[in-house]
Participant: 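Here it is, the structure in full.
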There are 2 protein chains.
Amino acid sequence: MDMATRLENLADLGNDHPCLGCAVRELAVCGVLDADALRQFKESGPTVHYNAGDTVVFESDQATNVYSLTSGLLRLSKLLPDGRRQIAGFLFPGDFLGITMEEEHAFTAEAVAPSELCKFQRRQFDEFIERHPALERRLHAFAAHELAAARQQLVLLGRKTATERIASFLLMLEGHCHSVCANQEIAVPMSRADVADYLGLRIETVSREISRLKAHRVIQLTGRQSFRIVDRSRLKQMAEG
Amino acid sequence: MDMATRLENLADLGNDHPCLGCAVRELAVCGVLDADALRQFKESGPTVHYNAGDTVVFESDQATNVYSLTSGLLRLSKLLPDGRRQIAGFLFPGDFLGITMEEEHAFTAEAVAPSELCKFQRRQFDEFIERHPALERRLHAFAAHELAAARQQLVLLGRKTATERIASFLLMLEGHCHSVCANQEIAVPMSRADVADYLGLRIETVSREISRLKAHRVIQLTGRQSFRIVDRSRLKQMAEG
DNA sequence: GGCCTTAATTGATCTGGGTCATCGCGCCGG
DNA sequence: CCGGCGCGATGACCCAGATCAATTAAGGCC
């Protein structure tokens with residue numbers, strides 16, 4: 001969507017619309033709805049807030065609700081019986097939770113940072129989709145995009161070395177920095193434990209590899225939760241092999 | 001879909017329908033189309049055949065076609081610059097190739113066994129979808145299902161041991177045995193190299209772990225490409241931890 | 001059937017990343 | 001300002017699975 005269309009749509013909302021202040025309106029699934037449909041959509045469910053660490057949905061819960069993330073950060077994770085954890089992905093603002101449309105959630109979704117979500121009853125949501133084919137198409141596009149991302153992550157987990165995983169991850173974080181990271185400072189909004197469980201490594205290995213990148217002047221740490229890329233081409237090169 | 005509905009739909013086709021002999025008609029995306037739409041759909045593209053080892057689409061090719069697999073087996077794989085390979089998944093009869101709807105294919109699709117596919121021009125296919133919302137919904141469901149499967153595989157690659165990976169894989173193969181594996185004999189239709197690249201292991205490790213399962217009387221080999229499960233509960237237990 | 005090719009198995013050894021242990025730092029509360 | 005706590009960093013050692021190296025077995029083809 002180009003800037004002109006975007007501004008036009010935003011202007012269309014009028015000044016009492018519930019989605020007026022939403023930073024991810026065109027980015028999220030809602031982006032395809034016109035002002036009236038959007039109002040009806042939004043008013044079909046509440047806005048909910050979660051603090052860092054809170055569980056939004058638990059794996060094996062009935063999937064009675066779906067969500068659109070408007071701010072914050074979620075992680076999708078799964079625990080093995082003995083406590084090993086794998087994070088299947090992170091949800092950023094604009095992402096949709098419940099795209100798999102299964103009866104049960106397969107993964108636990110937890111807030112990594114304080115997060116705001118638009119909550120919808122799945123039953124009502126499904127009905128709404130029926131009446132808005134454009135929304136169905138958009139959800140399909142979202143699912144397709146997430147599938148591509150998940151498969152890319154399969155390559156990382158199945159075949160990449162620790163160094164390559166960290167380099168790939170830092171570049172991914174850079175890609176998610178839109179407005180926030182002016183002056184090239186990139187935020188790492190999750191803990192080392194989350195990074196490790198996302199990359200199929202242990203905390204110690206994540207720490208060591210980051211230190212190595214720092215020592216080789218490929219990145220520069222600007223705090224425990226932020227860094228700067230010093231040599232992007234080398235980082236890119238390290239990300240593959 | 002229950003048996004009655006299924007037979008009814010099949011009967012509906014009439015006896016000069018191009019899809020009459022198709023073994024996966026209800027299983028594939030086509031399953032939601034009525035006889036007329038299905039005919040029109042099928043006649044919009046040819047049936048193509050590939051031998052084992054043939055490439056159907058190459059990663060980074062323009063995605064000008066999409067396919068529905070009617071028989072055989074495909075693998076979706078990606079190569080790293082130095083030759084390391086990861087298989088992101090296998091496509092079984094009824095599966096759809098091109099679901100991600102990206103402009104470029106992200107993965108190479110190759111025939112593991114002789115395969116038949118219905119081929120469609122993406123352009124025409126997209127138009128067809130526009131006119132048949134049920135098809136869009138079905139594709140969405142397929143994408144959602146593959147996303148769930150890919151995420152499950154992330155857990156395997158990120159956190160499971162070699163033994164757990166092999167056990168999980170053998171159980172997955174069992175799940176794909178519908179009619180073929182009467183008398184409990186389960187086919188392993190791909191090479192050890194393919195298994196290894198799917199599970200993020202080396203060939204030797206795959207071989208050793210299979211031998212171990214055999215030695216512990218959990219499975220029984222009935223040929224290099226087939227086996228029988230002797231102790232399913234133990235295999236299931238080994239698949240997690 | 002016998003030869004040749006290719007895949008699979010098995011054994012011996014090596015190593016990247018895991019494990020265990022310690023340390024340091026920043027932050028918060030008193 | 002100090003003490004404690006939780007996260008992250010670092011060091012020493014270990015092990016699951018990789019690597020290297022034969023060996024064996026299954027087709028395919030005269």
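Note that this is a predicted model, so its numbers are computed, not measured. The sequence lines fix the lettering, A, B, ..., with proteins before strands; numbering per chain opens at 1.
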Participant: Assuming nearest nucleotide by heavy-atom distance, tell me which of B:Arg224 and A:Arg159 is located more 5' along DNA chain D.
Facilitator: A:Arg159
Participant: Check the distance between C:dG18's C1' and A:Arg208's CZ and give it to me in whole angstrom.
Facilitator: 9 Å
Participant: What's the NZ-C1' distance between A:Lys160 and C:dG16, to the nearest Å?
Facilitator: 17 Å
Participant: What is the distance, rounded to the nearest whole Å, between atom CG of B:Leu213 and atom P of C:dT10?
Facilitator: 12 Å
Participant: By the definition salt bridge (Lys or Arg N to Asp or Glu O under 4.0 Å), identify the one residue from A:Asp95, A:Asp197, A:Asp194 that meets it with A:Arg75.
Facilitator: A:Asp194
Participant: Taking the six-membered ring of B:Phe107, is NZ or CZ of B:Lys78 closer than 6.0 Å to its centre and within 45° of its axis?
Facilitator: yes
Participant: Taking atom P of D:dA16 as reference, at what distance in whole Å does atom CD1 of B:Ile166 sit?
Facilitator: 16 Å
Participant: Can you measure B:Arg165 atom CZ to D:dG17 atom P for me and round it to whole angstrom units?
Facilitator: 7 Å
Participant: Under 4.0 Å, counting only non-hydrogen atoms across every strand here, what does A:Gly200 touch: a base, just sugar-phosphate, or nothing?
Facilitator: sugar-phosphate
Participant: Using a heavy-atom cut-off of 4.0 Å across all strands, would you classify A:Arg192 as base, sugar-phosphate, or nothing?
Facilitator: sugar-phosphate
Participant: Around atom NE2 of B:His17, are there more than 12 heavy atoms from other residues, nucleotides or ligands closer than 6.0 Å?
Facilitator: yes
Participant: Report the distance from atom CD of A:Glu204 to atom P of D:dA12, rounded to the nearest whole Å.
Facilitator: 15 Å
Participant: Within the modelled atom types, does a donor on one side and an acceptor on the other bring the side chain of A:Arg202 and the base of C:dG16 under 3.5 Å apart?
Facilitator: no
Participant: Looking only at the side chains, is there a donor atom on one of B:His105 and B:Glu59 sitting less than 3.5 Å from an acceptor on the other?
Facilitator: no
Participant: Is any side-chain N or O of A:Thr205 closer than 4.0 Å to OP1 or OP2 of C:dG16?
Facilitator: no
Participant: Any base atoms under 4.0 Å from A:Leu201, or only sugar-phosphate, or nothing? Heavy atoms, all strands.
Facilitator: sugar-phosphate
Participant: Out of D:dA9, C:dG17, D:dT10, which nucleotide sits closest to the side chain of A:Ala162?
Facilitator: C:dG17
Participant: Considering only side-chain heavy atoms of B:Ser207, which listed nucleotide, D:dG8, D:dA9, C:dA8, is closest?
Facilitator: C:dA8
Participant: For B:Ser211, which contact category applies under a 4.0 Å heavy-atom criterion: base, sugar-phosphate, or nothing?
Facilitator: sugar-phosphate
Participant: Is B:Arg212 side chain donor-acceptor paired with the C:dT9 base, going by distance under 3.5 Å alone?
Facilitator: no
Participant: Whole angstrom is fine here: how far is it from CD1 in A:Ile203 over to P in D:dC7?
Facilitator: 9 Å
Participant: Starting from P on D:dA25, measure out to NZ on B:Lys214 and report it in whole angstrom.
Facilitator: 11 Å
Participant: Take B:Leu170 and B:Ile186 through the test side-chain contact (heavy atoms from CB on, under 4.5 Å) and record every step on the way to the result.
Facilitator: CA-CA 9 Å; B:Leu170 297 183; B:Ile186 300 160; over 6 Å; no
